Participant: 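Have a look at this one before I ask anything.
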Amino acid sequence: MRVLGAGLVVIGALAAGCGGAGTDTTVAKPKVDTAAATRQAKAAKVAAAAKVKANELGQIPVIMFHRVVDKPTTQDDRTPAQFRADLERLAKDGYVPVSAAEYTTGKIDIPAGKHAVVLTFDDSSPSQLTLDELGQPKQGTAVQILQDVAKRNPGFRAAATFYVTGDMFGKTAPEEQAQMMLWLKQNGFDIGNHTRDHHSLSGKPQKAVVEEIAAGQKLVTALDGAPPVTLALPYGNQPRKKDWARSGKSGDVSYNHAGVFLAGYTPAPAPFNKNFDPLGIPRIRAMDKKGDCAQFCSTAWLDWLNQNADQRYTSDGDPTTVAYPKFKAPFLRKDFAARALPY
Ligand SMILES: [Zn+2]
């Protein structure tokens, strides 16, 4: 085999069945130079990222839902119509849901030009998930509405994280609780730890904090098998040492969360951004722009992100790269340097 110049390899081909032995049938076959190809592919990725103004160091709204009920009784409730409108707005504004587990571990796989949003549901109320005997979600439940909006808006994934507690969607029999967990798992939903008994962890000694969180972990794993990737703190209250919420061990149960979520009240940094703090990830309450939600709940923040599009997370469509305008380079977390795609 002789190499002719860059990228050309001459192969002495076997003269098989085409003119007899000894015939010189040497053919020149172009071979793409690996280094040049890599450079070319990277240039194409950079151009594609610039074209959609990718900003994978930008901000991501993590929206916190509680109950979806006809007659709201608390500031946290949404009606089915409001919830549907919340989701339709997200779809219209170019958001694609990712789970809390995907977000905190940096596995954000959404199309180019789209924005990531994380939908979280706290406290496992029956208004979020109630199933009939065939395993079909009841009309008007959060899951049914989410699946319906996803069906009507191609590309809008029915992805969400359910922060369950001992309430377990109103089910008390272990078999029925297991049905709920299995259904969520089989339909691609993420299940997070919200502790079993939903006590505030604020000011408690380490042993008590770890026991509460481990009980939540055990509740989920006993029914579902997979340990939760993330934790949402009850009432958003952090323990005296923030790290107690991330990892701990109580008896034969240990937990190690990739992220711990708070209750308020700003969009969250991208997981690739230095500002990302896995011990305290902010969420936004789902609520209209009124009263104490005039500035710091979902409608207000989604308006703000529309008006400040340069600050919002925008995907380049390639989950293996972290694309961003060069100017933002100092904010890239070192762990993701190998995936960096500045433009
Ligand atoms: Zn809660």
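Read the numbers this way: they start at 1 and go in the same order the structure lists the ligands and their atoms. Predicted model, so just to flag it, every value in this text is computed and none were measured. Along the sequence shown, residues are numbered consecutively beginning with 1.
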Participant: Using a cut-off of 2.8 Å, how many protein N, O or S atoms sit around the Zn ion (ligand 1)?
Facilitator: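 Number of qualifying protein atoms: 3.
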Participant: Would you please classify the geometry between the Phe162 ring and the Phe189 ring as parallel, tilted or perpendicular, with 30° and 60° separating the classes?
Facilitator: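 Phe189 and Phe162: perpendicular rings.
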Participant: Quick one: side chain to side chain contact (heavy atoms under 4.5 Å, CB included) partners of Gln40, sequence neighbours excluded?
Facilitator: none
Participant: Restricting to pairs with a member in residues 328-343, which pass side-chain hydrogen bond (donor to acceptor under 3.5 Å, both in side chains), not counting sequence neighbours?
Facilitator: Arg333-Asp335
Participant: Taking distance alone, no hydrogens or angles, what donor-acceptor pairs closer than 3.5 Å link side-chain atoms of residues 250-268 to residues at least two apart or in another chain?
Facilitator:
from	atom 1	to	atom 2	distance (Å)
Tyr255	OH	Trp244	O	2.6
His257	ND1	Ala245	O	3.0
His257	ND1	Arg246	O	3.4

Participant: Are the ring centres of Phe169 and Phe121 closer than 6.0 Å?
Facilitator: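 No, the ring of Phe169 stays outside the 6.0 Å limit from the ring of Phe121, centre to centre.
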Participant: Could you tell me whether Arg283 and Asp122 have a side-chain N and a carboxylate O separated by less than 4.0 Å?
Facilitator: yes
